[in-house]
There are 2 protein chains.
Amino acid sequence: MAPTHTTTDVFSAIAEPRRRQIIDLLSRHRCLAVGTIVLTLGLPQPAVSKHLGVLRDVGIVSVSKHGQQRVYALNHEQLRPVYDWIKTFDQYWNRQLDRIRERAERRALAQSNSPEAPTRKKGTP
Amino acid sequence: MAPTHTTTDVFSAIAEPRRRQIIDLLSRHRCLAVGTIVLTLGLPQPAVSKHLGVLRDVGIVSVSKHGQQRVYALNHEQLRPVYDWIKTFDQYWNRQLDRIRERAERRALAQSNSPEAPTRKKGTP
DNA sequence: TTGATATATTCCGTTATTGGAATATAATGT
DNA sequence: ACATTATATTCCAATAACGGAATATATCAA
C-alpha cells in the first residue's frame, strides 16, 4: 500500500535531510523568519515553505505572525520520542567506551607497576 | 523529484514503524532467525524479509547463515548518527528538568526555614 | 487603489515506497 | 531425485513524497 504518512509521524518528518537542516538551523536561533531560512540554506522558497508545513503539521515547529513575515520556532519537546527511542541503544556505545576506558586504565596501572615492562602481556618473568 | 533513497539513509530506514519494531526486537536478543521475527511480530514473512533487506542495505543489521535459516543481528553502531543528531537537543529537556528540580529544592529549603509560612512568596513580614 | 514584499498553496511529472500474492532459491531430510 | 522447510525476490497496484514553476494570499507602503 502506502508509505507511512509523514504528516503524523515525527520519524518520517525528520527523515528528510533538508528538514533536518531546517531543524538544525532553528535550534541555533530562538526563532527565524522564512526568508532568513531561505537565504541561509540557499533553498528555493516554496521548498522551505513546504518543509516547514510538514514540520508544522507534526508539531515540531510553530509559527507566529510578525508583520508580513512568519516567524518559526522549534518545539524541542516534539523531538523527544526520537530521543527516547534511540536512547535505549546508547548503552551499547557507552559500554563500549567504558570497556575501552577500563582497558586503558588497567594498562596504565600495569605500566606504573613495572615502568620498563613491554606493553604487551605481563606474563610471569 | 523523489523522496530520499531509504537504501542509503539511516534516518529513512528507521522512519518505518515496522522496521523500528524489528530493530527493537533485535536489540533485546543477540541474534534472531527470520522465522522468529515473523512469529514474534506477527507480520507476513515477505514483509519481514523486505524490511530486513532495507536494514541490511543500510548496515543496521547483518546476516549469517545457520543451516537453512538466516540469523540477523543488530549493528548498534550504525544507529549512532541518529543518536548524535538528536542528542544535540537533549540539553533543552534536561535543562527543563534541572529547572524543575531546582525550583523544588528552593521550595523545600524555604519550607524548612519557616515551616508554617505559606508556599507562595516569602516577602518581608 | 496600486505596487512591492513575504510566504503559502496548487498543479504537475517523476520516482519511491509499501503491502500482498505468487514464485524463486537454498538447505535439509528421506 | 523429491519433498519440506526457511528465506528471498519478483511482480503488481495504490499512494505518497519530492522538486519546480506558476500562482494565490497577505501585509505593508505610497
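Quick caveat: nothing in here was measured; it's all calculated off a predicted structure. In what follows, every heavy atom counts, from backbone to side chain, and hydrogens, waters and symmetry copies are set aside.
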Q) Reckon B:Tyr72 has a side-chain N or O less than 4.0 Å from the OP1 or OP2 of D:dA6? A) no
Q: Could you check how far CD of B:Gln68 sits from P of C:dT30, rounded to whole Å?
A: 12 Å
Q) To the nearest angstrom, how far is B:Gln69 atom CD from D:dT5 atom C1'? A) 10 Å
Q: Quickly work out the B:Arg18 CZ to C:dG20 P distance and round it to whole Å.
A: 7 Å
Q.
Under 3.5 Å, is there any donor-acceptor pair linking the side chain of B:Gln45 to the base of D:dA6?
A. no
Q: Could you tell me the separation between the CD1 atom of B:Ile14 and the C1' atom of C:dT18, rounded to a whole number of Å?
A: 18 Å
Q) Are B:Lys65 and C:dA27 close enough that a side-chain N or O sits under 4.0 Å from OP1 or OP2? A) yes
(Q) On DNA chain D, does the nearest nucleotide to B:Ala47 precede the nearest nucleotide to A:Lys50 from the 5' side, or the other way round? Give the residue. (A) B:Ala47
Q.
In this structure, how many angstroms lie between the P atom of C:dT18 and the CZ atom of A:Phe11, rounded?
A. 15 Å
Q | Contact check, side chains of A:Ile60 and A:Ile14, non-hydrogen atoms, under 4.5 Å | A | yes
Q. For C:dA27, does either OP1 or OP2 sit under 4.0 Å from a side-chain N or O belonging to B:Arg70?
A. no
Q.
Using 0.5 Å steps for rounding, measure from the OG atom of A:Ser62 to the CG atom of A:Asn75.
A. 4.0 Å
Q: Would you kindly give the CG-to-P distance between A:Leu41 and D:dG19, to the nearest whole Å?
A: 13 Å
**Q.** A:Tyr72 and A:Leu55, any side-chain heavy atoms less than 4.5 Å apart
**A.** no
Q. Going by the angle between their ring planes, with limits at 30° and 60°, are B:Tyr83 and A:Tyr83 parallel, tilted or perpendicular?
A. parallel
Q: Would you mind reading off the distance between A:His51 atom NE2 and D:dG20 atom C1', rounded to a whole angstrom?
A: 12 Å
(Q) Any base atoms under 4.0 Å from A:Pro46, or only sugar-phosphate, or nothing? Heavy atoms, all strands. (A) base
Q) With a 3.5 Å cut-off and no angle check, do the side chains of B:His51 and B:Arg19 form a donor-acceptor pair? A) yes
(Q) Nearest whole Å is fine: how far is D:dC18 P from A:Asp57 CG? (A) 12 Å
